Amino acid sequence: MLLSDSHCHLDRIDLTPWGGDFSVFMQAAHNADLAWMLCVAIDLESYPAMCELVAPYPHVSVSVGVHPNEEPEQSPSPEKLHEQLLELGRDSRVVAIGETGLDYFRTEPGATWQVERFLTHIEVARQLQKPLIIHTREAREDTLSVLEDAGARDCCGVMHCFVEDWATAKRALNLGFYISFSGVLTYKSAAELREVAKQVPADRLLIETDSPYLAPVPQRGKPNIPLYVRHVAEQLAALRGWTLEETAERTLNNARTLFKLNPISSSTAG
Ligand SMILES: [Zn+2]
């Protein structure tokens, strides 16, 4: 079986259980059938170190972007950001632009700098023809309007860690976007979300951990790791009436399509 994690932050994982050794941790992921991971960037300062960390692993792809919660004072101007994203995004290892989007939980709704930053990412994704990784929190209406108005249909992307309603999923699907479910899908309180997960077309589903955040049940409360994507896959399998193998295969194939991945060598997972 080949599992995939379409959104994780490998440079933020606490490696203590693996003796502080990233290669030991990656071996554990390999042993747990993780065939592919997308290591997602949240700022440009930590980006070179993140790339260096995952460089020895051909089954790890990266994205480049500046998270909507990064303070504007610590981030480049829109012009500079555009230039840097365009340059970094050209690398073949970079399969997506983001994570980007809108977050009105931490920032005042409609903050100009946040919308501008989002628009810059959309423009770069369209120029490079690489998909967007979208973060949205308490901002679904504006997130979708910006995506629609800025022509994000041209590059498509994924609504990462999806926790919104079916109407929102449908609008994103209409733009050609994929919907990625995280450990939230396993939470007791997420009954409505599980109904959404039943309705998303099979060829638009992705799974992720967003590790080290949001560990799924039964690991909830612990630091999250990509290995726990299995729990997300199990939950999705139960909802869709698929086997775990079928769920893993479908979601990995969807990731291959969206992120235009080269065939993943079978030697990377058992
Ligand atoms: Zn993330």
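Counting starts at 1 for both ligands and their atoms, in listed order. Since the structure is predicted, the reported quantities are computational estimates derived from the model, not experimental observations.
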TODO: For atom CD of E192, decide whether the heavy atoms of other residues, nucleotides or ligands shown that lie under 6.0 angstrom number more than 12.
DONE: no
TODO: State which residues pass side chain to side chain donor-acceptor pair (under 3.5 Å) with S46; sequence neighbours excluded, sorted by chain then number.
DONE: D43
Task: the Zn ion (ligand 1): angle it makes with NE2 (H9) and NE2 (H7), nearest 10 degrees - done: 100°
TODO: Identify whether the distance between the nearest side-chain nitrogen and carboxylate oxygen of E83 and K80 falls below 4.0 Å.
DONE: yes
Task: Closest approach to the Zn ion (ligand 1) by D210, given as the N, O or S atom name - done: OD1
Open item on the list: Between E148 and R153 (salt bridge meaning N to carboxylate O under 4.0 Å), is one present in this structure?
Closed with: no
Task: Among the N, O or S atoms of E99, the one nearest the Zn ion (ligand 1) - done: OE2
